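Quick notes on the structure that follows.
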Amino acid sequence: MSDIFNSIVSGQDTVRNSILKSARELFAKFGYRKTTMEDIAQALRKGKSSLYYYFKNKEEIFQAVIELESELLEHRLREVVGSEYSPRQKFHDYVIVRMETLRELENYQKAMRDETYGDYHFLDDVRERSEQAEQEMLRVVMEEGVSSGEFDIKNLRLAAIGISTALRGLELPLFRGIENFDDFRLQLDNILNIMFFGILKR
């Protein structure tokens with residue numbers, strides 16, 4: 001994950017990136033509400049004035065962290081969609097990479113599903129952009145599958161909406177109580193068999 005983080009923020013202000021990196025780690029470990037600006041400054045070994053030069057307050061840092069993690073997720077998924085594998089393999093890899101990445105992006109996944117973050121209206125924009133991007137990526141893969149004869153799908157737009165919605169609905173039960181990585185992968189494979197076997201042309 002750190003390599004992708006570095007590639008996305010490459011060329012940007014290094015101090016700002018350091019703030020976001022430290023804040024990500026602290027928010028994930030202690031939670032957004034329990035983390036203070038002082039905590040972030042101490043982790044950076046800088047004064048709080050360094051933080052206020054780049055961000056007005058903690059909420060602005062939180063917004064930047066969530067937007068960054070959203071970008072990290074999309075970056076990984078677009079790599080899958082743009083790969084040279086078959087559409088069937090892309091579907092498999094898409095779901096695996098999506099869920100594994102979300103599992104690592106603790107701040108993003110909590111903010112997207114936790115109703116207590118409802119006062120942070122920027123999350124609505126992040127959520128809408130993410131959903132639209134996901135539907136577009138799924139549609140591209142399905143369109144490739146239809147063209148190659150692998151998939152039999154009558155309405156690509158509705159199929160993309162349906163699969164995107166199903167994946168979001170599976171996040172919470174999938175993440176809850178599964179700590180072993182092998183068990184996590186096994187559950188993902190089971191979900192893939194249930195979700196996608198019906199779109200394979202037999």
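Since we're looking at a predicted model, the values are computed, not measured.
Judged purely by atom type and a 3.5 angstrom limit, R127 uses its side chain to pair as donor or acceptor with the backbone of M112. Not one N or O on the side chain of N107 forms a donor-acceptor pair closer than 3.5 Å with the backbone of I66. D93 places no side-chain N or O within donor-acceptor distance of the main-chain N or O of V80, the cut-off being under 3.5 Å.
Of the listed residues (K21, R76, R24), just one forms a salt bridge (Lys or Arg N to Asp or Glu O under 4.0 Å) with E69, and that residue is R24.
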For this session: Starting from the C-alpha separation in whole Å, work towards a yes-or-no answer on ring pair (Phe, Tyr, Trp, His ring centres under 6.0 Å) for F91 and Y85.
Result: CA-CA 10 Å; F91 251 126; Y85 293 115; over 10 Å; no

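For the residue pair E131 and Q135, no side-chain donor N or O sits within less than 3.5 Å of a side-chain acceptor on the partner.
Residue pairs that meet the side chain to side chain donor-acceptor pair (under 3.5 Å) test with at least one member in residues 41-59, sequence neighbours left out, are D13-Y54, E38-Q42.
Separation of the Y120 and Y32 ring centroids falls under the 6.0 Å cut-off.
In this structure, A160 and M142 approach most closely via the heavy-atom pair N-CE, 3.3 Å.
By the side chain to side chain donor-acceptor pair (under 3.5 Å) test, R113 is found to be paired with Q109, residues two or more places apart in sequence or in another chain being considered. Scanning for side chain to side chain donor-acceptor pair (under 3.5 Å) contacts around E134 gives Y94, R98, S164, with sequence neighbours left out.
F30 and I61 fall within the same hydrophobic cluster, where Ile, Leu, Val, Met, Phe, Trp and Tyr residues are linked whenever their side-chain heavy atoms come under 4.5 Å apart, directly or through other members.
L138 contributes atom CG, which lies 12.0 Å from atom NZ of K90 (distance to the nearest 0.5 angstrom).
Geometrically, R33 does not engage F27 in a cation-pi contact, judged by NZ or CZ lying under 6.0 Å from the ring centre and within 45° of the ring axis.
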